[in-house]
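Reading through the structure tokens given below for one structure.
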Amino acid sequence: MRRLAPWQWLVLLLLLYLALAEALRLWVGLLWAERLGLVLAALGVWAFINGRFLFAYYHAFATSVRVRGLPLAREPGAEEHLLVLAPHPDDEVLAAAGLMRRTLVRGGRVSVVYLTSGDAFDWAAGSPLPSQEAMRRLALRRMVEAWRGLEALGLPRESAYFLGFPDQGLFQLFTTHYYLAYESPYTGLKAVAYRGSYRLGLPYTGKALEATLVELLSSLKPTRILLPSPLDAHRDHQATAYFGMQAAAALGMEGRLEYYLVHGGYQYPLPKGLHPRLPLYPPPRGRGLPWHRFPLSEEEVRLKERAIRAHRSQMRLLGRFLLAFVRQNELFSPLPIPAREALAPEEEGWAVLEGREVV
């Protein structure tokens with residue numbers, strides 16, 4: 001924005017003074033009924049501007065009562081090996097930074113598998129129409145940010161496994177490109193190409209991704225697997241759920257699965273911004289799921305904030321959304337979708353997703 005010259009500031013102040021003087025003159029000359037109408041109109045404008053913030057805090061207060069009544073999630077032990085499936089770098093710390101930290105402190109082991117490196121977020125690359133080279137550089141940057149986020153929790157870089165499959169393309173890999181290689185419109189890539197990836201050269205197919213997950217689960221042998229719920233509004237998160245469940249089922253590990261939700265519905269979680277003293281409440285899209293709460297200590301909350309802030313490319317654009325997950329607790333569900341008895345008749349099976357996906 002261009003700076004105003006001194007004479008322009010003087011003209012602006014004179015105009016403001018004249019406007020205030022005229023407003024005062026009109027006010028004194030108005031009848032009481034007119035004054036009351038003006039006051040009500042001003043209050044209406046104020047409520048319109050600030051109402052969503054008031055509702056957000058009321059909503060947080062109302063839901064905190066429900067959160068306290070949720071059963072506690074299972075505590076990690078020294079023999080625990082927690083594996084977190086993250087569609088993109090940052091999902092792991094949003095969902096489970098506190099659980100990862102406590103697992104490490106209790107003597108357990110933590111692994112994080114990133115299905116993509118987040119190479120389709122054009123605004124994070126610096127412009128609305130970035131080049132394919134810029135999107136590839138963004139992927140490398142987000143991989144480094146993921147390392148820094150894990151290091152903030154005390155985890156070594158060796159905990160991270162980057163698969164390098166296409167951001168905004170996982171759902172296509174699960175459906176139309178299970179066998180046929182998919183070409184990312186953002187990067188122009190058709191195979192894993194980022195340095196530091198688990199296995200370079202793998203084609204962008206669902207078959208290759210599923211086989212890689214089966215191989216990793218088989219070699220790492222996790223005792224607890226955390227992955228997105230299929231109810232998540234983001235297509236990449238839905239596909240991660242499908243791939244993760246199929247890979248676990250192939251190895252008989254279904255009983256080790258627990259689920260989280262990041263894109264849990266309109267404006268979730270409220271209020272936006274940093275509110276570490278508020279609880280994280282069950283998301284609207286997770287209605288009917290048997291949520292378990294995992295309370296965090298003050299140190300775990302502080303480290304979670306630090307881990308989230310390590311994702312600077314995302315903080316620059318989505319900071320208020322990301323920091324809204326820094327709360328007193330985290331939430332996990334032992335079921336991917338609600339049990340049949342918890343569903344309305346029109347929502348049985350996968351119908352709960354119809355018409356509400358966010359691409």
What is the distance from atom [atom1] of [X] to atom [atom2] of [Y], rounded to the nearest 0.5 Å?
X	Y	atom1	atom2	value
Asn329	Arg68	CG	CZ	11.0 Å
Leu140	Ser197	CG	OG	8.5 Å
Tyr178	Leu209	OH	CG	9.0 Å
His177	Lys190	NE2	NZ	8.5 Å
Leu227	Asp91	CG	CG	12.0 Å
Ile225	Leu217	CD1	CG	5.0 Å

Check: [X] side chain, [Y] main-chain N or O, donor-acceptor pair, under 3.5 Å:
X	Y	value
Arg285	Gly265	no
Tyr182	Gly206	no
Arg142	Pro89	yes
Arg293	Leu70	yes
Arg235	Phe171	no

So, for [X] and [Y], which heavy atoms are closest and what is the spacing to 0.1 Å?
X	Y	answer
Ala86	Val112	CB-CG1, 4.5 Å
Leu85	Leu115	CD2-CD1, 4.3 Å
Arg256	Pro222	NH1-O, 2.8 Å
Leu335	Leu289	O-CD2, 3.5 Å
Ala307	Gly149	CB-O, 3.4 Å
Leu274	Glu305	CD2-OE2, 3.5 Å

(request) Output, in order, the C-alpha distance, side-chain angles, deciding distance and verdict of side-chain contact (heavy atoms from CB on, under 4.5 Å) for His88 and Gln314. (result) CA-CA 11 Å; His88 319 95; Gln314 309 309 293; over 6 Å; no
Given the rule that I, L, V, M, F, W and Y join up when any side-chain heavy atoms are under 4.5 Å apart, are [X] and [Y] in one cluster?
X	Y	result
Trp123	Leu318	yes
Phe165	Leu180	no
Leu317	Ile308	yes
Leu226	Val105	no
Leu251	Val84	yes

Contact between [X] and [Y] at the side-chain level, heavy atoms closer than 4.5 Å - yes or no?
X	Y	answer
Tyr260	Glu330	no
Asp232	Pro87	no
Met100	Val93	yes
Pro76	Leu99	yes
Ser111	His81	yes
Leu213	Leu163	yes
Pro166	Tyr186	no
Glu75	Arg102	yes

(request) Apply side-chain contact (heavy atoms from CB on, under 4.5 Å) to Leu189 and Gln132, showing your working. (result) CA-CA 9 Å; Leu189 297 174; Gln132 292 181 339; over 6 Å; no
(message) Which label fits Tyr242 and Phe174: parallel for a plane angle under 30°, tilted from 30 to 60°, or perpendicular past 60°?
(response) tilted
(request) Anything under 30° is parallel, anything over 60° is perpendicular, the rest tilted; go ahead and classify His263 against His234. (result)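 Rings of His263 and His234: tilted, as their planes differ by 30° to 60°.
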(message) Ignoring hydrogens and geometry beyond distance, is a side-chain donor-acceptor pair present between Gln172 and Tyr204 at under 3.5 Å?
(response) no
(request) May I ask you to check whether over 12 heavy atoms, not counting those of Arg306, lie within 6.0 Å of atom CZ? (result)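 No - once you tally the heavy atoms of other residues, nucleotides and ligands closer than 6.0 Å, there are 12 at most.
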(message) Looking at Arg106, I want to see if its CZ is surrounded by more than 12 non-hydrogen atoms of other residues, nucleotides or ligands under 6.0 Å.
(response) yes
(request) Salt-bridge test for Lys304 and Glu300: reply yes if a basic N is under 4.0 Å from a carboxylate O, no otherwise. (result) no
(message) Applying salt bridge (charged side-chain N to carboxylate O under 4.0 Å, His left out) as the test, list every pair that has at least one member in residues 108-136; sequence neighbours left out.
(response) none
(request) Go through the steps to decide whether Arg141 and Glu145 satisfy the test salt bridge (Lys or Arg N to Asp or Glu O under 4.0 Å), and finish with yes or no. (result) CA-CA 6 Å; Arg141 179 180 178 185; Glu145 291 173 347; 3.4 Å; yes
(request) List the steps, then state whether side-chain contact (heavy atoms from CB on, under 4.5 Å) holds for Thr223 with Glu79. (result) CA-CA 8 Å; Thr223 59; Glu79 303 301 318; over 6 Å; no
(message) Test of understanding: with salt bridge (Lys or Arg N to Asp or Glu O under 4.0 Å), list the residues that count as partners of Arg312, not counting sequence neighbours.
(response) none
(request) Tell me, please, which residues at least two apart from Gln328 pass side chain to side chain contact (heavy atoms under 4.5 Å, CB included). (result) Arg277, Pro279
(message) For a side-chain contact (heavy atoms from CB on, under 4.5 Å) check, start with the C-alpha distance between Leu323 and Met315, then their side-chain angles and the critical distance, and finish with the verdict.
(response) CA-CA 9 Å; Leu323 291 176; Met315 282 293 300; 3.9 Å; yes
